[in-house]
Amino acid sequence: MKTLFSILFFLISINLFSQAPDIIWEHTYGGTLNDEAHAMRQTPDGGFILAGTSYSSDLDIPDNYGSRDYCLVKTDAYGNLEWAHNYGGPGVDYCEDVENAFDGGYVAIGSVSTIGGDIIETHGLADVWVIKTDNVGNLP
């Protein structure tokens with residue numbers, strides 16, 4: 001009897017504590033084509049900066065330089081879109097990570113394949129590309 005009680009207590013405990021957590025908020029960002037996030041950081045203002053790649057040039061994502069571009073998306077603390085920007089050239093550009101910069105801007109890193117658009121120089125088929133933006137995603 002004691003063993004049966006222990007098993008029932010264990011099963012009831014698992015059921016009570018295994019419920020899915022409440023979702024505080026959720027949002028979808030992007031355009032009508034493929035858009036991916038590869039990194040996310042919390043920003044000093046409590047919001048978030050997301051880094052990834054985008055084929056889109058509509059809805060939340062302005063401009064596309066020809067193929068897949070770097071994409072940065074900035075939200076407030078509740079996930080509301082503050083701004084989004086694509087960066088790149090006519091080839092395949094792949095943004096892998098983003099960090100907060102000391103001056104309130106952002107630094108993103110990834111790879112690029114061709115000159116054009118925002119890309120002024122490459123050394124081969126695929127090169128590392130680092131960009132530094134201001135606090136609203138503009139390149140200097």
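Basis for what follows: all heavy atoms, side chains included, without hydrogens, waters or symmetry-related copies. The chain is numbered in sequence order, starting from 1.
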What residues, two or more places apart in sequence or in another chain, satisfy side-chain hydrogen bond (donor to acceptor under 3.5 Å, both in side chains) together with [X]?
X: Tyr29; result: none
X: Asn34; result: none
X: Asp60; result: none
X: Asp76; result: Asn80

When clusters are formed from ILVMFWY side-chain contacts under 4.5 Å, directly or step by step, what else is grouped with [X]?
X: Phe102; value: none
X: Tyr70; value: Ile49, Leu72, Trp83, Tyr87, Val98, Tyr106, Val112, Ile119, Trp129, Ile131, Val136, Leu139
X: Val128; value: Val107, Ile109, Val130

Parallel, tilted or perpendicular: ring planes of His38 versus Tyr94, cut at 30 and 60 degrees
perpendicular

Using the test salt bridge (Lys or Arg N to Asp or Glu O under 4.0 Å), find all partners of Asp45 that sit at least two apart in sequence or belong to another chain.
Lys74

Applying salt bridge (Lys or Arg N to Asp or Glu O under 4.0 Å), name anything that partners Asp22, two or more places apart in sequence or on another chain.
none

Can Leu81 be reached from Leu59 by stepping across I, L, V, M, F, W or Y side chains whose heavy atoms are under 4.5 Å apart?
no

Straight-line distance of [X] [atom1] to [Y] [atom2], nearest 0.5 Å:
X: Asn135; Y: Glu82; atom1: CG; atom2: CD; value: 10.0 Å
X: Ile120; Y: Ile115; atom1: CD1; atom2: CD1; value: 9.0 Å
X: Asn86; Y: Thr53; atom1: CG; atom2: OG1; value: 9.0 Å
X: Asp69; Y: Ser54; atom1: CG; atom2: OG; value: 7.0 Å

What is the minimum heavy-atom distance between Pro44 and Asn100, and which atoms define it?
CD-OD1, 3.6 Å

Closest heavy-atom contact between Cys71 and Cys95?
N-CB, 4.4 Å

So, Asn138 versus Thr133: side-chain donor-acceptor pair below 3.5 Å or not?
no

Would you say the side chain of Ser113 lies within less than 4.5 Å of the side chain of Thr122, judging by non-hydrogen atoms?
no

Pairing residues for Ser67 by the side chain to side chain contact (heavy atoms under 4.5 Å, CB included) criterion, not counting sequence neighbours:
Tyr55, Val92

Sort and list the pairs that fulfil salt bridge (charged side-chain N to carboxylate O under 4.0 Å, His left out) and have at least one residue in residues 126-140, not counting sequence neighbours.
Asp103-Lys132

For residues 24-41, which residue pairs qualify under salt bridge (charged side-chain N to carboxylate O under 4.0 Å, His left out), counting only residues two or more places apart or in two chains?
Arg41-Asp97, Arg41-Glu99

If you apply the rule side-chain contact (heavy atoms from CB on, under 4.5 Å), what do you find for Arg68 with Asp93, and how did you get there?
CA-CA 5 Å; Arg68 181 169 64 182; Asp93 311 315; 5.8 Å; no

Donor-acceptor contact present, side-chain Thr114 to main-chain Gly91, <3.5 Å:
yes

Side chain to side chain donor-acceptor pair (under 3.5 Å) evaluation trace for Thr32 with Asp58
CA-CA 7 Å; Thr32 54; Asp58 58 1; 2.7 Å; yes

